[in-house]
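Let me begin by presenting the structure, written as structure tokens, before commenting on it.
Computed from heavy atoms alone, side chains included, the values below leave out hydrogens, waters and symmetry copies. Order of listing sets the numbers, starting from 1, for every ligand and every atom in it.
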Amino acid sequence: MVKLIPTGGAGPSGLRLLLVDDDSDDYLLTRELVEELPGSRFSLDWVDDFDEAVRAIGRGEHDVYLIDYRLGAKTGLELIAALKGQKCSGPIILLTGQGQFEIDQAAHEAGASDYLEKSALNAVTLERTIRYALKQYAHEAELERKVQERTKELEDANAALRDADRRKDEFLATLAHELRNPLAPIRNALEIQRMATNNPTTLESARQMIERQVRQLVRLIDDLLDASRMTRDKLRLELETLDLIEPLEIAIETSQPLLAQASVTFERHIPAESMRLRGDRVRLAQLFANLLNNAAKYTEAGGRVTLSVEKADGSAVVRVKDTGVGIPPELIPRLFELFAQFNRSLHRSQGGLGIGLALVRRLVQMHGGSISAVSKGLGHGSEFTVKLPMLPAS
Ligand SMILES: Nc1ncnc2c1ncn2[C@@H]1O[C@H](COP(=O)(O)OP(=O)(O)OP(=O)(O)O)[C@@H](O)[C@H]1O
Ligand SMILES: [Mg+2]
């Protein structure tokens, strides 16, 4: 039944042909032709059975498939159809009897590369047909590869867009929530003011409440404006020569209330020597305050936040470390993306829009520096390291 008979002959770089033909005389003829082909680069295997042919082609071990149109009760076209559109490892050339021109058309439609009349077959035509079929096949494979590559690129881009779109939706929900949050206490305070017109202590605490909530609203809107400037590339620095300690002190002062409110211990290790750099005082203070605020926000009462500074290779290295909720390592690559927030459910009351770290990274980069984050995972604290190039000491 099965006659996968190798003729041998072809070297390791030779071409393996598979003949599917139910007639052994035709096999012998084809084999003679193949042996005549120049360069003895060809080897010929043979199967005479329809089902075996489907399996042999499926194994993809051959470079060219020569398929006889007449295969017992079935046809070569049926064989091609039985491959169910799976990609063959090489071109298919259909062999037919004389004058079966209608088969030519059908063969092409079925996916065969070419069609040869058996009666007109000789070594020259066979070699030429194989050569052309291989060339065309390689060309099609290359096109196919390019199409697949492009499709993959489009799919990736599409997924990224979907992801960005989803994050924007989530962000809108967060924004609405965050903007609405301060309104309830403000409304309460106004009501209290209306009722308690003659109690100065109550009036004063209501006033303070409104002040706090308005400050929070202003902070949110300032962050939003910064985010919008950042995405439109409109952030600008006001550069001056300064000592790093100056923006650091402002940042510590800014974050002090939040650190105190969080009941965390705050430690600072800042060397006395000066660290001069070109930078924007306000923006540097803002970026360090964002890191300190995060450390306060994402650390439970009783925890510790440490700010340390050192010099290394002409850079100032600022570390903000906390003993807080930590960050799952797999999320760290997305930490500095705009609107990325991971533990909102844990810290809903802490609020925020997911703008802080994106802004921090951009500002650090605009100062020619770099930022990185490490965490041993949830519950194990986080550490942010900012490196800023210093001016040479002279
Ligand atoms: N020190 C930290 N410990 C644990 N998680 C952190 C820490 N800093 C940031 N994160 C996580 O990274 C997310 C992004 O931080 P980012 O500062 O950008 O946004 P936010 O603090 O949620 O809001 P915003 O800073 O805009 O008020 C946070 O929501 C939080 O999940
Ligand atoms: Mg933040």
Side-chain angles (χ1 to χ4, degrees), residues 164 167-168 170-182 212-213 215-231 235 251-252 254-259 261-267 283 285-308 318-365 371-386:
R167 272 198 287 148
K168 248 186 193 154
E170 280 172 11
F171 168 72
L172 267 186
T174 309
L175 178 62
H177 186 86
E178 291 297 314
L179 286 177
R180 202 176 196 290
N181 263 349
R212 269 201 310 277
Q213 298 299 334
R215 212 182 302 134
Q216 170 64 7
L217 276 172
V218 169
R219 192 158 46 218
L220 282 173
I221 289 164
D222 282 347
D223 275 1
L224 260 186
L225 287 172
D226 274 344
S228 152
R229 281 191 200 102
M230 184 163 64
T231 54
L235 277 178
I252 294 169
T254 309
S255 302
Q256 203 63 61
L258 210 57
L259 288 161
Q261 194 189 318
S263 307
V264 297
T265 313
F266 176 61
E267 263 180 35
R283 291 302 196 174
Q286 181 186 13
L287 82 83
F288 292 125
N290 276 355
L291 292 178
L292 289 171
N293 285 350
N294 278 350
K297 265 165 82 171
Y298 303 111
T299 303
E300 292 93 352
R304 180 184 303 270
V305 173
T306 316
L307 172 76
S308 59
V318 181
R319 286 199 175 82
V320 177
K321 188 176 175 180
D322 65 56
T323 58
V325 298
I327 304 157
E330 69 272 15
L331 296 181
I332 287 191
R334 294 186 31 218
L335 198 58
F336 297 97
E337 287 174 14
L338 196 55
F339 311 144
Q341 291 188 301
F342 305 121
N343 28 29
R344 277 199 72 77
S345 52
L346 278 173
H347 289 265
R348 208 151 188 128
S349 58
Q350 307 290 351
L353 295 171
I355 292 175
L357 285 181
L359 196 59
V360 167
R361 178 171 68 175
R362 179 66 68 87
L363 290 173
V364 167
Q365 286 168 347
I371 181 163
S372 60
V374 288
S375 172
K376 291 205 189 81
L378 280 181
H380 292 95
S382 315
E383 181 173 328
F384 290 79
T385 304
V386 175

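The shortest separation from a heavy atom of Leu335 to ligand 1 is under 4.0 Å, placing the residue in contact. Residue contact check for ligand 1: Gly326 places a non-hydrogen atom closer than 4.0 Å to it. For the pair Phe384 and ligand 1, a heavy-atom separation below 4.0 Å is found.
Shown here for Pro257 and Thr254, the closest heavy-atom pair between the two residues is CD-O, 3.3 Å. Heavy-atom minimum distance, Pro329 versus Gly377: CD-CA, 4.0 Å. Of all non-hydrogen atoms in Ile221 and Leu179, the two that sit nearest each other are CG1-CD2, 4.4 Å.
In the vicinity of Ala340, heavy-atom distances shorter than 4.0 Å reach the ligand 1 atoms 13 (C), 14 (C). Every atom of ligand 1 is numbered from 1 in the order shown, and the set under 4.0 Å from a heavy atom of Gly352 is 23 (O), 24 (P), 27 (O). Interface of Gln341 with ligand 1, defined as ligand atoms under 4.0 Å from a residue heavy atom, comprises 20 (P), 22 (O), 23 (O), 29 (O). For ligand 1, the atoms closer than 4.0 angstrom to any heavy atom of Ile355 are 18 (O), 19 (O), 24 (P), 26 (O).
Contacts between Val325 and ligand 1 below 4.0 angstrom, taking non-hydrogen atoms only, involve the side chain exclusively. Residue Asp322 touches ligand 1 through its side chain alone, judged by heavy-atom distances below 4.0 Å.
Residue Lys297 holds the heavy atom nearest to atom 21 (O) of ligand 1 of all those in Glu337, Arg219, Lys297. Closest heavy-atom approach to atom 17 (O) of ligand 1 within the set Leu291, Asn294, Leu331: this belongs to Asn294. Considering only non-hydrogen atoms, atom 16 (P) of ligand 1 lies nearest to Leu357 out of Leu357, Asp226, Val320.
No hydrogens or angles considered: a donor-acceptor pair under 3.5 Å links the side chains of Asp226 and Gln286.
For a distance bound of 2.8 Å, the N, O or S atoms of Asn293 include none lying that close to the Mg ion (ligand 2).
In this structure, Ser255 contributes its side chain and Ile252 its backbone to no donor-acceptor pair below 3.5 Å.
For ligand 1, the polar-atom distance check finds an N/O of Gly354 within less than 3.5 Å of one of the ligand's N/O atoms. Residue Ile327 places no N or O, backbone or side chain, under 3.5 Å from any N or O of ligand 1. Between Phe342 and ligand 1, at least one N/O pair is under 3.5 Å apart.
Using cut-offs of 30° and 60° for the angle between ring planes, the Phe336 and Phe384 rings count as perpendicular.
Put simply, the side chain of Thr323 reaches to within 4.5 Å of the side chain of Thr299, judged on heavy atoms. Looking only at side-chain heavy atoms (C-beta outward), Leu235 and Leu359 come within less than 4.5 Å of each other. Using a 4.5 Å heavy-atom threshold, the side chains of Val305 and Lys321 count as separate.
Atom CZ of Arg167 sits in a crowded spot, with more than 12 heavy atoms from other residues, nucleotides or ligands closer than 6.0 Å.
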